[in-house]
Amino acid sequence: MASQEIEALSAALARLPGLGPRSARRAVLWLVKRRETALVQLLKTLEEVQARLIECDVCGNVDTTNPCGVCSDPRRDARSLCVVEDVADLWALDRSNLFTGRYHVLGGRLSALEGIRPEDLSIGKLLERVEAGGIDEVVLAMNATLEGQTTAHYIAERLEGLPVRITQLAHGLPVGGELDYLDEGTLAQALRARRPVG
Ligand SMILES: [Zn+2]
């Protein structure tokens, strides 16, 4: 029988994406054996993250400043806006160093199965940003999944009539491919070969 504390921590960790109950329990035992070293370090890092990281009010990125480093960087091209599902996708694209514009994080993708509707994502805020003007191109960089593409299609429709060019990542992206898992070469290729939507 595991103690109540171990059960509680295992349950908390098992809620993390990619961790099931088994690996969560294994991680907890690993930490308990290293309570003076790894566990202390982890607690300290978690505290720092909790204290310092905030969500950018403009784009939804996570950074230590608000607006975030990307939004407040004057060298970036404010006329080009790249829409992504999650912060991890923003980081993946930014690592490729090919996109020099700004971003908009939706906070997920539309999903009938999971009951995620347009109003659950920051689509309204995206429309506001585009309607405010000063943006020439919106790059839809959704994942090459059915739900990602449904989301891209929906956003393209909502942007119709606004004076912006709407483009989409070229899908040299593997079908079912999630941006965060792609190597930088593939991602760079998809971004370079982006094409108009419609
Ligand atoms: Zn930002």
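As the structure lists them, so they are numbered: ligands from 1, and atoms in each ligand from 1. Bear in mind that the values here come from a model prediction, so they are computed numbers and not experimental data.
Each of Ile155, Leu81, Val84 was checked for a side chain to side chain contact (heavy atoms under 4.5 Å, CB included) with Leu140, and the lone residue meeting it is Ile155.
The salt bridge (Lys or Arg N to Asp or Glu O under 4.0 Å) check on Glu36 picks up nothing, with sequence neighbours excluded.
You'll find the side chain of Leu110 stays beyond 4.5 Å of the side chain of Glu147, heavy atoms only. In this structure the side chain of Val32 never reaches within 4.5 angstrom of the side chain of Leu39, judged on heavy atoms. No side-chain heavy atom of Cys59 sits less than 4.5 Å from a side-chain heavy atom of Val70.
Only protein atoms were considered; those of element N, O or S under 2.8 Å from the Zn ion (ligand 1) number 4.
Here Asp136 contributes atom CG and Arg79 contributes atom CZ; the two are 4.0 Å apart, rounded to the nearest 0.5 Å.
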